[in-house]
2 protein chains.
Amino acid sequence: MNHKVTIADIARELNLTGATVSRALNNRKGTSEDTRRLVQDTAERMNYRRDRIAYSLRSGRTNIIGVIIPSAEINFFGSVVHGIESMANQHGYSVLLYQSNEQPEYEKKGIETFLSSRVDGILASIAKETTEFSHYLEIKERGVPLVFFDRANDSLNIPSVVIDDYKGAYIATEHLIRQGYKRIAHIAGQQHLKIFKDRLEGYKAALTAYGITVEDELVYFGNVSIASGRQAIQHLLSLSKPPDAVFAVEDFTALGAVKEIKDKRIEIPEAFGVVGFANESFDEHITPSLSSIDQQTVQMGKEAFKLLMELIEDKGDVHVQKRTKIVLEPLAAFRQSSMRR
Amino acid sequence: MNHKVTIADIARELNLTGATVSRALNNRKGTSEDTRRLVQDTAERMNYRRDRIAYSLRSGRTNIIGVIIPSAEINFFGSVVHGIESMANQHGYSVLLYQSNEQPEYEKKGIETFLSSRVDGILASIAKETTEFSHYLEIKERGVPLVFFDRANDSLNIPSVVIDDYKGAYIATEHLIRQGYKRIAHIAGQQHLKIFKDRLEGYKAALTAYGITVEDELVYFGNVSIASGRQAIQHLLSLSKPPDAVFAVEDFTALGAVKEIKDKRIEIPEAFGVVGFANESFDEHITPSLSSIDQQTVQMGKEAFKLLMELIEDKGDVHVQKRTKIVLEPLAAFRQSSMRR
DNA sequence: GTGAAAGCGCTAACAG
DNA sequence: CTGTTAGCGCTTTCAC
């Protein structure tokens, strides 16, 4: 472990001063072509690497962004982080990762750490348990750019990147209609979460658009789980006029539905169609393969980073005040569970 | 955006000097109880937060570790990162995340960034395409602690945390034997990768231990994919004495095998047993659910961080030279595809 | 117990 | 075109 090479070392080596070496290394104007080359070659030879800490202290920029996700163990977020990091890397930024575990206390601690680390900007997906948002507003007050992804809160007036849940639900429902299913049910999620509410709305809108009456008894309110999907099917099939298809609010719920339908020896997709939401990796491997709606996770990460970077670079500009919301298109991922034709 | 509060601000407010404030904030000895309390209260009131950049520049410590993974999109690594970040957070460290995309060029760039950022230590899983390791050795030369997880290279003499692939394969094969299967095949992976080689060895060892002769024709060398699993089954079933069970090197291969076996109308697990490796999330949702070997991903992340932290704190100690290798126990995750009894 | 002063490594003013 | 000086915010000697 040899002593770390600093600008001063290079300066000494070449009988120059630190300032000149710094200028040469950064290709600032005011250095002769000769010295610049000389300095850069020497730096290379001595294996010099700029100290980002010192650079940051002096310049006020860290080229680091903080990212808060509920958990890296959730596929969805791993995928978004993949998009974020790829794009960040491309633009010379590093990613500091923090998990909220769905708890506001962790969120707060993460934000503390990020601010203390002087990150240039923050990307965050709000924890499920969070109901009070002052810690996010503090980021704003500190003048640090912030962008929400996936889990946003419109009332905070903070830029965000989300997907169009309403439209995704609409597409899913429309697909079932076009496949000739006559009574289409919906297994809904908790309605205090906007994404689930939007999906219910999208479902209703599609039915209405095709002249089909929305029947309350065909909407089952579950809690987003495999068990909930099973219960929903049990209930729905017990109706005097049972449905012949279901759009589930999310893939695990759809999976539960599929399992229950199979247990009841009802043929999928011939006698019963199923569509989920999220395009989980298991979708294509179960039998029958599960139709779903893709949320463009990687793209979401990329867009979120790009938006954040714009905010970082426009800082102080009037622009920053402009509320921005990027809404991504959900994509159809239809498979056996709903393809009757 | 009000001006950021510094130690100097607090000192001015209290007619003290920065040195005293710093001591008081950090509970260093040499400050009266009174001033300490006063300073801490004032800091709280003024909403002071220590600047990590300045702290790092002065102290030489960042409390940041760098983590290199192939991709955050791969479940396995998301899970390990979850373990790493949880443990790091608990110990006051932050995680800087970098994806290698399986390419050595990215690895090098990530290492550059980490060293330049003065991370206190580095955790890495080697990229598949990497065959030359000088960039990793440079970390060592720089005196920065490094620990490999999952994908390690024993010849580099660098501490690592891995799972016992040999034993996992042994357990899987033994289980099939105990379930009464008589001719057990193995779909192997590329043998230049140590993990796959170890699994083949474990398979052979289990057979031998139970007095069963290892037959070369029952070992199919595939390339780790669904398609490869299907091909393997086609080949194995065409033998004059076909197997009645298979241990696949990894879950996607096992999945391909299951699909092919089902297509051939052979009953699983009655007429044919299947065990995979990795305990992928789809395992429990396919039909029949897939038996597998769990790799303790979260635990791996936690152990890796703990080991790294020890190295960071023992730095300069003789200890550091001691080669350390933590081998985690693979866990049985047996399900329908192999449970005949 | 507190203050004064120096310095971590870098860059930006200002001179020359 | 290059050097001198100062300072980012913090901690740590060394005095008093």
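Note that the structure is predicted; figures quoted are calculated from it, not measured.
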**Message:** Can you measure A:Asp9 atom CG to C:dG9 atom C1' for me and round it to whole angstrom units?
**Reply:** 10 Å

**Message:** Once you apply a heavy-atom cut-off of 4.0 Å, does A:Leu16 come out as touching a base, just sugar-phosphate, or nothing?
**Reply:** sugar-phosphate

**Prompt:** Separation of A:Asn15 atom CG from D:dT2 atom C1', in whole Å?
**Reply:** 13 Å

**Fill in**
The nucleotide from C:dG3, D:dG9, C:dC10 with an atom nearest the side chain of B:Thr20 is C:dG3

With the criterion being N/O to N/O and under 3.5 Å, what pairs connect the protein with nucleotides 13-16 of chain C, and how long is each?
| from | atom 1 | to | atom 2 | distance (Å) |
| --- | --- | --- | --- | --- |
| C:dA13 | N6 | A:Arg23 | NH1 | 3.3 |

**Request:** Examine distances only and state if a side-chain atom of B:Asp51 and a backbone atom of B:Ile53 form a donor-acceptor pair shorter than 3.5 Å.
**Result:** yes

**Request:** Go through the side-chain N and O atoms of A:Thr35 and A:Ser32 and say whether any donor and acceptor fall under 3.5 Å apart.
**Result:** yes

**Request:** Please answer whether the main-chain N or O of B:Val119 pairs with a side-chain N or O of B:Ser117 as donor and acceptor at a distance below 3.5 Å.
**Result:** no

**Message:** Over 60° means perpendicular and under 30° means parallel, so tell me whether A:Phe305 and A:His91 are parallel, tilted or perpendicular.
**Reply:** tilted

**Asked** Is it true that B:Arg49 and A:Glu138 make a salt bridge, defined as a side-chain N closer than 4.0 Å to a carboxylate O?
**Response** yes

**Prompt:** Got a sec: does the CZ of A:Phe76 have more than 12 other heavy atoms crowding it under 6.0 Å?
**Reply:** yes

**Prompt:** For the pair made of CZ in B:Arg49 and P in D:dC10, what is the distance, rounded to whole Å?
**Reply:** 12 Å

**Euclidean distance, atom CG of residue B:Leu14 to atom C1' of C:dG3 [Å, nearest integer]** = 15 Å

**Request:** Could you check how far CG of B:Leu25 sits from C1' of D:dG9, rounded to whole Å?
**Result:** 13 Å

**Asked** Rounded to whole angstrom units, what separation is found between the CZ atom of A:Arg50 and the C1' atom of C:dT11?
**Response** 9 Å

**B:Ile7 CD1 to D:dT11 C1', straight-line distance once rounded to whole Å** = 8 Å

**Asked** Which of residues 55-64 of chain B have a heavy atom under 4.0 Å from DNA chain D?
**Response** B:Tyr55, B:Arg58

**Request:** Give a yes or no answer on whether the side chain of B:Gln99 reaches the backbone of B:Ala72 with a donor-acceptor pair at less than 3.5 Å.
**Result:** yes

**Asked** From the list C:dT11, D:dT11, C:dG9, which nucleotide is the closest neighbour of the side chain of B:Ser22?
**Response** D:dT11

**Asked** Do NZ/NE/NH1/NH2 and the carboxylate oxygens of B:Glu112 and B:Lys108 come within less than 4.0 Å?
**Response** no

**Message:** Rounded to whole Å, please give me the gap between CD1 in A:Ile10 and C1' in C:dC10.
**Reply:** 12 Å

**Message:** Quick check on side-chain contact (heavy atoms from CB on, under 4.5 Å): which of A:Leu156, A:Ile122, A:Ile158 does A:Lys140 satisfy it with?
**Reply:** A:Ile158

**Prompt:** Are the side chain of B:Thr6 and the backbone N or O of B:Asp9 linked by a donor-acceptor pair below 3.5 Å?
**Reply:** yes

**Prompt:** Short question: side chain of A:Thr31, backbone of A:Arg36 - any donor-acceptor pair under 3.5 Å?
**Reply:** no

**Asked** When you measure from every atom of DNA chain C, which of residues 26-41 of chain B have a heavy atom less than 4.0 Å away?
**Response** B:Gly30, B:Thr31, B:Ser32, B:Thr35

